[in-house]
Amino acid sequence: MKETIKVTVNGRTYVEDVEPRLLLSHFLRETVGLTGTHVGCVIGECGACTVILNGKLVKSCLLFAVQADGKEILTVEGLAANGTLHPIQKAFVEGYGLQCGYCTPGMILAAYYLLGKNPDPTEEDIRKGLAGNLCMCTGYMQIVEAVKEAAKQLKKA
Amino acid sequence: MIPASFEYYSPTTLKEALDFLSSREDVKILAGGQSLVPLMKLRLAKPRTIVDLSRIPDLNYIREQGSRIVLGSMTTYEQIETSALLQAKCPLLPQTAAVVGDVQVRNQGTIGGSLAHADPAGDMPAAILTLAAEMKAIGPNGERWIRAEDFFVGLLTSALEPDEILTEVRVPALNGAKTAYLKAAQRAAGFAVVGVAVCLRLDQNGSCNNLAIGVTGVGDKVYRAEAVEKILLGKRLDANFIEQAAREVTRGVDVIEDINGSKEYRSHLAGVYTVRAVKAAMQA
């Protein structure tokens, strides 16, 4: 039996009939069509599917879409405004805070959530803030540096 | 990985939830879902019915109640971690919640879900056992309180009946007892390979007159390291003495062995983390 849910994604509201077992990650990618939310490990370890649900950083592969009924979601596609990259995105690009890019949307949202709560993080704060997001390529150094740079830019803005 | 099909209910009252539990077949309660959803995706769990507690108001709170603090079962780790009340009166809970999983898991995972799941490597069960907390279960015949020592029955098994819902957790206000929770975490998911929770009091002479040590990740369920407690109680806790006592941490325990650690390695780690956690509590 399908359930009707109403979910707001990046400011736009979607009303859809979904199977209860449909994961939020699949809802975002396949029903809504926003493929910036990546699906990696599928058991909730890698964080590639990270989104912000009602202001909280969560893994969308560990939620059913029905659990998001009536709620608001921010995905990586919602960060850039009018074609201009968000300062965190810019810092990742300029600081080369990625290699293959698979973990990047989750990393960027984790950084966005961290900097929203703590605009002036220490390196340890950054590492703890990104602990739920695994990267198989970079060794994390440039990611951490990118978040530091983003914090600097956001404070200037 | 797609879970098997199920019927989904999201009741808005506890009564409605209890009715679903007793009238539907093969029901699983969904709290934060940080353990249940992976199990369903791996099809290790294939419940026919899911009852989601998240739309029931009043299962999410942290309140002082006389000499105790009560927490609604749907309270998240993040709420526990950041609760000023708990930091002041029962710091072991925030200390433990702060190292569960990662940011995302702490935002979504709940204390009730963790306890009911009774994962042998769960962090919260160690703290709950150390605090001698009590759990309130509500079922068709009313409510009952279950002591922590009776709550964790075995591997992934709690004392909750299939038609009961865990609604509240009650912990004592610690009035200055010293606490710590330390763990050796598996890298990717943050699960405890070994986790040790300590709650102790020292008298004016520096002797330990109150001590509880809860251990997770080592046996098929969380346990109190009674052998260690017995040796240390009433004594001054100098470093050599703690180390000696900590060797007894796996006494009488069938130590588990898995991809994250052999029996020998885990037993060794349990001793090391017992020493560290006792010392950390003394300095807390």
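In what follows, chains are A, B, ... by sequence order, proteins preceding strands, each numbered from 1.
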* Asked: If you take all heavy atoms of B/V37 and A/L62, which pair is closest and at what distance?
  -> CG2-O, 3.7 Å
* Sort out for me which of A/G44, A/C61, A/G47 touches chain B most, counting heavy-atom pairs under 4.5 Å. => A/C61
* Of all heavy-atom pairs between A/Y113 and B/E78, which one has the smallest distance, and what is that distance? -> OH-OE2, 4.5 Å
* Asked: At a heavy-atom separation under 4.5 Å, does A/K2 approach chain B through its side chain, its backbone, both, or neither?
  -> neither
* Structure fact -> Per-residue tally against chain B (heavy atom, under 4.5 Å) across A/V66, A/N133, A/L114 peaks at A/V66
* Of the backbone (N, CA, C, O) and the side chain (C-beta and beyond), which part of B/L30 lies under 4.5 Å from a heavy atom of chain A, both, or neither? -> side chain
* Which value, rounded to the nearest 0.5 Å, describes the distance between B/D102 atom CG and A/L130 atom CG? -> 10.5 Å
* Contact winner vs chain B - A/H26, A/E45, A/M1, A/E3, heavy-atom pairs under 4.5 Å -> A/E45
* Working to the nearest 0.5 Å, report the span between CD of B/Q104 and OG of A/S60. => 10.0 Å
* Nearest 0.5 Å, what's the OH-CD1 distance between B/Y8 and A/I5? -> 9.5 Å
* When you measure from the side chain of A/R21 to the backbone N and O of B/K41, does any donor-acceptor pair fall under 3.5 Å? -> no
* Looking only at heavy atoms, which two atoms of B/R55 and A/Q67 are closest? And how far apart? -> NH2-O, 3.1 Å
* Can you say whether B/L42 sits under 4.5 Å from chain A via the side chain, the backbone, both, or neither, judging by heavy atoms? -> side chain
* May I ask you to check whether over 12 heavy atoms, not counting those of A/F92, lie within 6.0 Å of atom CZ? => yes
* **Residue B/K178 excluded, over 12 heavy atoms near NZ under 6.0 Å** => yes
* Who wins among A/L22, A/V39, A/L53, A/T50 for the most heavy-atom pairs under 4.5 Å with chain B? -> A/T50
* Asked: Taking atom CD1 of A/I52 and atom CG of B/N107, what is their separation to the nearest 0.5 Å?
  -> 9.5 Å
* To do: Would you indicate whether B/K136, at its atom NZ, is surrounded by more than 12 heavy atoms from other residues, nucleotides or ligands within a distance under 6.0 Å?
  => yes
* Structure fact -> The interface call for A/L23 against chain B, heavy-atom contacts under 4.5 Å, is side chain
* Region of B/S5 that comes under 4.5 Å of a non-hydrogen atom in chain A -> both
* Asked: For A/L134, is it the side chain, the backbone, both, or neither that has a heavy atom closer than 4.5 Å to a heavy atom of chain B?
  -> side chain
